[in-house]
4 protein chains.
Amino acid sequence: MAKLQKSIDKRNALLKATIELVNNSGFHATPMSKIAKMANVSPATIYLYFENKQDLVNQTYLEVKTKYTDFVFKAYDENTSVKTGFEIIWKRIAEFNSNECEYAFFLNQCNNTPMIDEPSRKEGIKYLQPLLHLWQRGKEEGVIKPVSDYILYAYSINPLSFLIMAQKRGEFQFTKAHIDEAFLAAWDSIKL
Amino acid sequence: MAKLQKSIDKRNALLKATIELVNNSGFHATPMSKIAKMANVSPATIYLYFENKQDLVNQTYLEVKTKYTDFVFKAYDENTSVKTGFEIIWKRIAEFNSNECEYAFFLNQCNNTPMIDEPSRKEGIKYLQPLLHLWQRGKEEGVIKPVSDYILYAYSINPLSFLIMAQKRGEFQFTKAHIDEAFLAAWDSIKL
Amino acid sequence: MAKLQKSIDKRNALLKATIELVNNSGFHATPMSKIAKMANVSPATIYLYFENKQDLVNQTYLEVKTKYTDFVFKAYDENTSVKTGFEIIWKRIAEFNSNECEYAFFLNQCNNTPMIDEPSRKEGIKYLQPLLHLWQRGKEEGVIKPVSDYILYAYSINPLSFLIMAQKRGEFQFTKAHIDEAFLAAWDSIKL
Amino acid sequence: MAKLQKSIDKRNALLKATIELVNNSGFHATPMSKIAKMANVSPATIYLYFENKQDLVNQTYLEVKTKYTDFVFKAYDENTSVKTGFEIIWKRIAEFNSNECEYAFFLNQCNNTPMIDEPSRKEGIKYLQPLLHLWQRGKEEGVIKPVSDYILYAYSINPLSFLIMAQKRGEFQFTKAHIDEAFLAAWDSIKL
DNA sequence: CATGAATGAGGTTTCATTCAT
DNA sequence: AATGAATGAAACCTCATTCAT
């Protein structure tokens, strides 16, 4: 057990280091040696846990994406009105962005650069299903605008990423009040 | 004259090559040698026009940002209603994203990674002034929600970036109809 | 007993794996980890049986060389005519090359690259004594050309190595008929 | 001109260093850094002249093989008896082995290990044509044994490689007298 | 002004070997 | 005796930058 635990610890330390360093410098500007140093292992050790750098980042991505989805949809229950359901999910996403901002930054980088390879990206997309189903229901009930999910996502969910990145850059302070304003804007943009 | 002209041509070729290569591979995965080759120039020549790689990218960024702003605000006239003004600006932004998507991709990369250094990024921000003024007027007139400009931007402007990137990835086709839907969502999200 | 037996099995598995992998990739392109894997053993275990990689290869070489000599000279009896004696030995060598080609390839690699260290190489040379004695007798009897043993070896024995390697590369098919032709060439080259 | 000459010099220095180092240690035990040092260039410079290590060795092989063939067949004239023609070629090969033994060692290494890739090996084989034609004529005239060219080569040409390698190892001294003895053995082995 | 050649520094990855268990 | 995990050293290779021409 001790040995296994140590291995898991090392793997986690590597994932953590990857997230932090990639957040600050991007994929290509983050050398394996730095990741190793931050995780307190030898560079060679990384290759016991991951095939290569790309694999390390892919696995980190999928792990973080899973954390994100677990967090976002844990509190969600299908038996609510569309608006309530959306509010619950949206607020969880906002909370994740605030509380786990390292994770949020990382996912953002992944979504905006050719850092993650196609298969892992595809794998990461399926996680949104519950939200898509909710929107589907909303369209059928005439509560949500009958437009592409991409547009709904672009206007109601993605702006949070922009705001969180602005906050990271120190340009913007995301307060409680802002969250309510943001939610209103999100809902207004997609509601019929 | 011939000499000077030639120089400008070379500089432009370098900027163009930078945009294309960075769009496809990102900043750190784009070697100077490739930029030089694509611009039909020796690597050493780059350093006659730019201090170093960072400077090349910064200058490219500012140049593209200028093209963007020039295009976006050229048709704008302050003497319109807030809604009309916003629509004009928004549609120009959408048009730029569609017609000059190479430029749009590049600006997006710049906004989402630690590729551009802080000074250049700061420099690039001031360009939005006319839109900010319009929003200010809108807030005073009670037409626009009285919230931070960052939130207004996040919900009404930034989603276009998300959609254009989704289109680049081939996930989404941005049609004429979509543009109208998107504008509606944008306006709904910020109007009072 | 069980313990000792097990050890010998492991050692043999390691020698076998070494031969196969070195045959296919050469000494320096064969990592210890692969040898261990093929022998179903931990890399660390190798070092219980051998001092280091060089020692592993040296020991493998001497072991194979012994198998070779045992096979080649087993049927040999000094009380024959020189020609008959030579034919017996030659045919055994040819048979070894055909039937135990893995061993033959390995010996060949060892003879042609700086893979084996000098002491082991020296050790491996003495095995040929019976053949050298036969040639000595042949020279005294005026049956064999009075030339250096190196020349006799180069022309009557070594060509088999070349042919067997050509066969391994798929360039040449070594049939029964070829063996007789080859023997004739061998004998013609050294007989007076 | 000066520049071009310098480039050619550098390339030649690299080929020379490759030959010497590979001769002494083998392909996989010869790091690029050592080759660079011996050629008095930076490791990075190697990659201006060769794509990678494999390419460096392949090109070296082909270059040396060409030197070999040029030397061997330069004095050869088709209008001779088979025996005389063979003697001329054989003696030239022997001379090459003696005088350019670095080249000869190198070719030998190449022929006996998986160092050279298949395409280059194939490329290197065609060089022997004149000898094969001579043998063909010899068979038709009933002067040469009617056996596979591989066997003829194995017995009449390849032994020289063995002897030259033995000499390199210091086991055997290849004198003028030896050459005549060796030629006789070679001819006896293939003549009818 | 323009360049091709050159390189030092540093990137990712491999591997022979060791060590705690 | 046996091992899986770990690693320092070194392998191949790339690239931003410089310099002689």
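Every value quoted in this text rests on a predicted model; they were computed, and no experiment measured them. Each chain gets a letter, A, B and so on, in the order the sequences are listed, and its residues count up from 1. Below, each value reflects all heavy atoms present in this structure, side chains not excepted, and no hydrogens, waters or symmetry copies.
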### Query
Which whole-number value in Å describes the distance from A:N40 CG to F:dA5 C1'?
16 Å

### Query
Regarding D:N58 and D:D117, is there a side-chain donor-to-acceptor distance under 3.5 Å anywhere?
yes

### Task
Specify the residue among B:A29 and C:V41 whose closest nucleotide of DNA chain F lies further upstream toward the 5′ end.
C:V41

### Message
Taking any heavy-atom pair under 4.0 Å as a contact, classify B:F50: base, sugar-phosphate, or nothing.
### Response
nothing

### Message
Could you tell me how far apart C:M32 (CE) and F:dT7 (C1') are, to the nearest whole angstrom?
### Response
16 Å

### Query
Think B:Y49 has a side-chain N or O under 4.0 angstrom from the OP1 or OP2 of E:dA2?
yes

### Task
Please determine, by modelled atom types, if B:Q109 and A:N112 share a side-chain donor-acceptor pair under 3.5 angstrom.
no

### Task
Starting from P on E:dC15, measure out to NZ on C:K34 and report it in whole angstrom.
7 Å

#### Entry: Interatomic distance where CZ belongs to A:R11 and P belongs to F:dA5 [whole Å]
14 Å

### Query
Mapping C:F27 and A:H28 onto DNA chain E by nearest heavy atom, which one lands closer to the 5' end?
A:H28

## Note on the structure
Only one of C:Y61, C:F106, C:F50, C:Y49 passes side chain to side chain contact (heavy atoms under 4.5 Å, CB included) with C:L15, and that residue is C:F50

### Message
Nearest heavy atom decides the nucleotide; on that basis, is C:T45 or A:P43 closer to the 5' end of DNA chain F?
### Response
C:T45

#### Entry: Integer-rounded Å distance: E:dA5 P and D:D9 CG
14 Å

### Summary
Rounded to whole Å, the CD1-C1' distance (A:I35 to E:dT13) equals 13 Å

### Query
Mapping D:L48 and B:L48 onto DNA chain E by nearest heavy atom, which one lands closer to the 5' end?
B:L48

### Message
For a quick test of reading the model: is some side-chain N or O of A:K10 closer than 4.0 Å to OP1 or OP2 of F:dA6?
### Response
yes

#### Entry: Nearest-neighbour nucleotide for the C:A44 side chain, E:dT13, E:dT18, F:dC13 considered
E:dT18

### Task
Starting from C1' on E:dC15, measure out to OH on A:Y47 and report it in whole angstrom.
13 Å

### Query
Whole Å only: how far is the NZ atom of D:K53 from the P atom of F:dA10?
15 Å

### Query
Are any non-hydrogen side-chain atoms of A:M38 and A:T18 less than 4.5 angstrom apart?
no

### Summary
F:dT21 -> Watson-Crick or G-U wobble partner, both distances under 3.5 Å, gives E:dA2

### Residues C:E63 and C:K16 bridged, charged N to O under 4.0 Å
no

